[in-house]
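Reminder, nothing fancy here: chain letters follow the sequence lines and each chain counts from 1.
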Protein chains: 2
Amino acid sequence: MRLVVGRCSVDYAGRLSASLAEAVRLVMVKADGCVAVHADGGAYKPLNWMNAPNTLREEEGRWVVTNPAGETLTITFSEVLLDAAHDLGEDPGLVKDGVEAHLQELLAAHPETFGDGVTLVRREYPTGIGPVDLLCRAADGSTIAVEVKRRGEIDGVEQLTRYLERLNRDPLLRPVRGVFAAQRIKPQARTVAEDRGIGCVEVDYDRLRGLESDELRLF
Amino acid sequence: MRLVVGRCSVDYAGRLSASLAEAVRLVMVKADGCVAVHADGGAYKPLNWMNAPNTLREEEGRWVVTNPAGETLTITFSEVLLDAAHDLGEDPGLVKDGVEAHLQELLAAHPETFGDGVTLVRREYPTGIGPVDLLCRAADGSTIAVEVKRRGEIDGVEQLTRYLERLNRDPLLRPVRGVFAAQRIKPQARTVAEDRGIGCVEVDYDRLRGLESDELRLF
DNA sequence: GTGTATATCTCGGGG
DNA sequence: CCCCGAGGTATACAC
């Protein structure tokens, strides 16, 4: 990784045009060739950037970065305050816990969350326009389609609505009810869901995970 | 801006849990207090980060970053290879051209894109659940609601569908047809749109901009 | 503050 | 390779 701090102006021409007037900024060049221009604020997002793969041509006080799509980033330096290079090596990578996939996994293991006698048919059940997260069977033989989200917003309800419309065309599944499951469901999403007869379930992630580890302890 | 390159392990606890095993990384601390941990690859997104506002407590070989929501980022250093601070000052900021707002502007100036005799009623026409990008009048007196996107995906069709449902309740506007306009429309979005009787128009941004400058040249 | 829409979104998975 | 969906999305803007 190469770090350059300097006074520069920047121009990007590609999916859009964007330009930066002269100021002092950090230019970061990573080992994979990607380039990012950072100001001293504005969260982690750079002002301007070019993703790998691309080629960096370094002229006198001027860098021209080009990628295979023909986009270009031009950085013109009038002053360089720091120019340091370090070999960081491979990164072992991030380990995450608590994302939607894990929530789906826990709910698949505990379909009774959606009602007494509810059993799992399968996860990622294909509908023709994308897979529905969980397909379950209710005690009365009817089908339940579950959309799982970490945060329940209106998009998730729309997604489930599209799946339900498709699934209800299948005589072997019909009637299919919808359940929208999330750690937290926004009021607007709940209103739209209930308007459409879709059930809403707020899931306690930590409690579910607790159940899981309790069960593991039995073995 | 402070730049630290060093061997470190990192833990984040907040909306999820995420951890990084020990490796050499760049830690960037911006003037606004935000912290980002970068590996030597992977575009501009850091492996781990904390957005401003937050407080950084620096102990012996260990940084603890806390934000008002109670999330914490802990960085434990075993070795420091670089520790440099620079005052970058205020940034004049990015000037952009070619985003959705410009596309909307150009289409507002050229409603004939949507059919002969089509005229603009107004931009950002309020519907009660958000503004529709363009409201137009067709030659036959019927109304056209246009949703403009740079990239036409399914979310945009859903958005337009919600607007159309609202607009068609208004007897002064009814009947309202929908048109989905984008530089490029994804197949799935097109399928859903056409299912619902919504027209799809792919817009050539450069050609429209050309028309615009031709007209300016007449004056 | 919540809600809504945008983004050169980034990133990862599946066909 | 493109398409699609998720994200600790972040960010701006309206109500």
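- Remark: A:Q183 engages A:L103, A:R150, A:Y205 in a side-chain contact (heavy atoms from CB on, under 4.5 Å) (not counting sequence neighbours).
- Residues satisfying the salt bridge (charged side-chain N to carboxylate O under 4.0 Å, His left out) test with A:R207, not counting sequence neighbours, are none.
- Partners of B:T76 according to the side chain to side chain donor-acceptor pair (under 3.5 Å) rule, which considers only residues two or more places apart in sequence or in another chain, do not exist here.
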Pull out every protein N or O sitting under 3.5 Å from an N or O of nucleotides 13-15 of chain D, one pair per line with the distance.
none

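- The residue B:M50 sits close to a base: some heavy atom pair falls under 4.0 Å.
- Of the candidate nucleotides D:dA10, C:dT10, C:dT8, D:dA10 has the atom lying nearest to any side-chain atom of B:W49.
- The phosphate of C:dT10 has OP1 or OP2 within less than 4.0 Å of a side-chain N or O from A:N51.
- Note on A:N48: a base of the nucleic acid sits closer than 4.0 angstrom, heavy atoms only.
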Inset, instruction - Could you check A:R57 against A:E59 for salt bridge (Lys or Arg N to Asp or Glu O under 4.0 Å), going step by step and ending with a plain yes or no? - result: CA-CA 6 Å; A:R57 187 156 47 84; A:E59 304 167 4; 2.3 Å; yes
Inset, instruction - Do nucleotides 1-6 of chain C as a string where each nucleotide becomes B, S or -: B if the base has a protein heavy atom under 4.0 Å, S if just the sugar-phosphate does, - if no protein is that close. - result: --SSSS
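- Atom CD in B:E71 sits roughly 13 Å away from atom C1' in D:dA10 (whole-Å rounding).
- Residues meeting the side-chain contact (heavy atoms from CB on, under 4.5 Å) test with A:T55, sequence neighbours left out: A:T66.
- Counting to the nearest Å, the P atom of C:dA7 and the NZ atom of B:K96 are 7 Å from each other.
- The nearest whole Å value for the distance from the CG atom in B:L94 to the P atom in C:dT8 is 8 Å.
- Residues forming a side chain to side chain donor-acceptor pair (under 3.5 Å) with B:H110 (at least two apart in sequence, or on another chain): B:E112, B:E212.
- Distance, B:I185 CD1 to D:dC4 P: 13 Å, rounded to whole Å.
- Contacts of B:R174 classified as side chain to side chain donor-acceptor pair (under 3.5 Å), with partners at least two apart in sequence or in another chain: none.
- Taking atom C1' on both nucleotides, C:dT6 is separated from C:dT10 by 15 Å, rounded to a whole Å.
- Qualifying salt bridge (charged side-chain N to carboxylate O under 4.0 Å, His left out) partners for A:E194, counting only residues two or more places apart in sequence or in other chains: A:R190.
- At least one side-chain nitrogen or oxygen of B:R15 sits closer than 4.0 Å to the OP1 or OP2 atom of D:dA10.
- For the pair A:E124 CD and C:dG15 P, the interatomic distance rounds to 11 Å; values are reported in whole Å.
- The side-chain contact (heavy atoms from CB on, under 4.5 Å) test applied to A:R177 returns A:A138, A:S142, A:I144, not counting sequence neighbours.
- Side-chain atoms of B:Q104 and B:E124 form a donor-acceptor pair, as typed in the model, at a separation below 3.5 Å.
- One can place CZ of B:R190 at 17 Å from C1' of D:dC4, the figure rounded to the nearest angstrom.
- The interatomic distance linking A:L103 (CG) with D:dA6 (C1') rounds to 13 Å, in whole Å.
- If you take atom C1' in C:dC11 and the same atom in C:dA7, they sit 14 Å apart, rounded to whole Å.
- Contacts with DNA chain C (heavy atom under 4.0 Å) in residues 16-46 of chain A: A:L16, A:K45, listed by number.
- Between A:Y12 and A:W49, the gap from one ring centroid to the other reaches at least 6.0 Å.
- With both ends at atom P, the span from D:dG8 to C:dA5 equals 22 Å, rounded to whole Å.
- The side chain to side chain donor-acceptor pair (under 3.5 Å) check on B:E153 picks up B:R151, with sequence neighbours excluded.
- A:L73 has its CG atom 14 Å from the P atom of C:dT8, to the nearest Å.
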